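The shown structure was predicted, so the numbers you read here are calculated from the model rather than taken from an experiment. Chain letters run A, B, ... following the sequence lines, proteins first and then strands; every chain starts at 1.
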Protein chains: 2
Amino acid sequence: MTIQGTGTARPAGRPRSEKAEKAIIEATLDLIAEGMGVSELSIEAIASRAGVGKTTIYRRWSSKEDLVVDALATLKAPLPPLAGVSVRDDLITLLDAMRAESGNRRGRCVMNIAMSEADRHPRLTERFVQRAVEPRRRALREVLERGVASGELRPDLDVTLAMAILSGTMMWQSKWGPADGLPEDLAERVVDVVLAGMAPPAG
Amino acid sequence: MTIQGTGTARPAGRPRSEKAEKAIIEATLDLIAEGMGVSELSIEAIASRAGVGKTTIYRRWSSKEDLVVDALATLKAPLPPLAGVSVRDDLITLLDAMRAESGNRRGRCVMNIAMSEADRHPRLTERFVQRAVEPRRRALREVLERGVASGELRPDLDVTLAMAILSGTMMWQSKWGPADGLPEDLAERVVDVVLAGMAPPAG
DNA sequence: CCGATACGCAACGGTCCCGTTTCGTAAATT
DNA sequence: AATTTACGAAACGGGACCGTTGCGTATCGG
């Protein structure tokens, strides 16, 4: 047994540099965060930004899409823990996480990709949605369904439509809202308006 | 007077072909509608699609942005006439116009540009917003303010936030809603949920 | 030390598009 | 008829990337 104790046989030769790998992914995310679309993203630009030879990229990923998928995958979406006490609080928590991400340098990657590349890169989008979008969507749906069950929300509420309203509002804000960051109480205000409705209370 | 009666002196030589001009703009819009971003849009592709020499394009427009602006300008946004009776009806009219456009081949141009190119082409975006977005935004704001004044909406309603909720919801639907077109009653359902609120009626 | 693999770098031929120029032809004025 | 401008097509030199290859060096196991 000349094999490492871990059980995985280390192949001969110089091992791949983890530093280079990190630099490549960082460079990729940086470029995307700066508004570069996947189509305009060039391997040469990534290599240059990462201080790495193109060979080092091609050795690891066979296509640009694979690289982008892996890069985006490192952006774990740490879903905020939900208190689970009131639906209002949980909704605010979820929406505020979206707000915080839209201000985050890396969070914008997710937005930019989701907004721009949906049509043009369906395979990428599919994997990306499964990894980053679906978990949040599920969390939001669960909160809403819990609210319907508990009576905190209307029994006849169209949960899918409610999800569109909440998500769409936050997305709109992060795209066309004030350029210098969204106000801290935005999520709370959105939730309160949406819960109470825009119409005056029915006397 | 060898000048045309209209008063505009016709310059000597062969006049420019209106047919070619139309073909160029049509080709440009087609490509954008197919999901091509402004950055990926190439003059050669437009010329080829329009059945036109590149010279004919460069003679008329000095930059790609100018061409795109002119092309988008031909998409007049025919704001739907508002009945002005109830705020609910007017909101439904406005939102349903957005729904209809998202199904329209050419309407998608507006969406695609607005979603993807905002960061990368600020000058283009500025002119585009002024021409296509601002009128709708103004109409929506007026309806909401009228509702606040008339008592159909809460007196303390944050109109700007309400606009984000309504617009964002429709945009979200047209981007991630069912691929085979949005349901005809979507606008009505959105407006009713947003007006009445998701919370159950307070006793 | 030796073989194997990875590294950064530079160069390759190929493709796409740029913006310009040239060409022969078409359509208007004078 | 002569002049002027526009037309489509083709070709130009130039630039950006592509994906690949060769180079000398670095780093691993044996």
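- Side-chain contact check for A:Ser62 and A:Asp66: at least one donor-acceptor pair (N or O, by modelled atom type) lies under 3.5 Å.
- Between B:Ala45 and B:Ala12, the one whose closest nucleotide on DNA chain C sits nearer the 5' end is B:Ala45.
- Mapping B:Ala20 and A:Ser62 onto DNA chain D by nearest heavy atom places B:Ala20 at the nucleotide closer to the 5' end.
- In this structure, B:Met36 atom CE and C:dC16 atom P are separated by 13 Å, rounded to whole Å.
- Taking only distance into account, the side chain of B:Lys54 meets the base of C:dG19 through a donor-acceptor pair shorter than 3.5 Å.
- Side-chain N/O atoms of A:Glu152 and A:Ser150 include a donor and acceptor closer than 3.5 Å.
- Whole-Å rounding puts the B:Glu44 CD to D:dA16 C1' distance at 14 Å.
- If you measure from atom CD1 of A:Ile57 to atom P of C:dG8, you get 9 Å, rounded to the nearest angstrom.
- Rounded to an integer number of Å, the gap from A:Lys19 NZ to C:dG8 C1' is 12 Å.
- Between C:dT20 and B:Arg59, no contact under 4.0 Å exists linking OP1 or OP2 to a side-chain N or O.
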Kindly list each side-chain donor-acceptor pair under 3.5 angstrom involving residues 17-25 of chain B, sequence neighbours excluded, with atom names and distances?
residue : atom : partner : partner atom : Å
B:Ser17 : OG   : B:Lys19 : N            : 3.2
B:Ser17 : OG   : B:Ala20 : N            : 2.9
B:Glu21 : OE1  : B:Arg60 : NE           : 2.7

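- Heavy atoms of B:Ser17 sit under 4.0 angstrom from primed sugar atoms or phosphate atoms, though from no base atom.
- The base of C:dA27 lies outside donor-acceptor range of the side chain of B:Arg14, with no N or O pair under 3.5 Å.
- Between B:Lys64 atom NZ and C:dC18 atom C1' there is a gap of 10 Å when expressed in whole angstrom units.
- Using a 3.5 Å distance cut-off with no hydrogens or angles, the side chains of B:Arg137 and B:Ser167 do not pair a donor with an acceptor.
- Judged by distance alone, with hydrogens and angles left aside, A:Arg16 brings no side-chain donor or acceptor close enough to the base of C:dA6 to form a pair under 3.5 Å.
- Computed from coordinates, the A:Ile24 CD1 to C:dC7 C1' distance equals 11 Å when rounded to whole Å.
- Between the side chains of A:Asp89 and A:Ser86, at least one donor-acceptor pair of N or O atoms lies under 3.5 Å.
- Here C:dC18 presents its P atom at 15 Å from CH2 of B:Trp61, a figure rounded to the nearest Å.
- Side chain A:Thr55 to base C:dC9: a donor-acceptor pair is found below 3.5 Å.
- Between B:Thr56 and D:dA6 there is no side-chain polar atom (N or O) within less than 4.0 angstrom of OP1 or OP2.
- Residue A:Ile43 contributes atom CD1, which lies 10 Å from atom C1' of D:dG19 at whole-angstrom precision.
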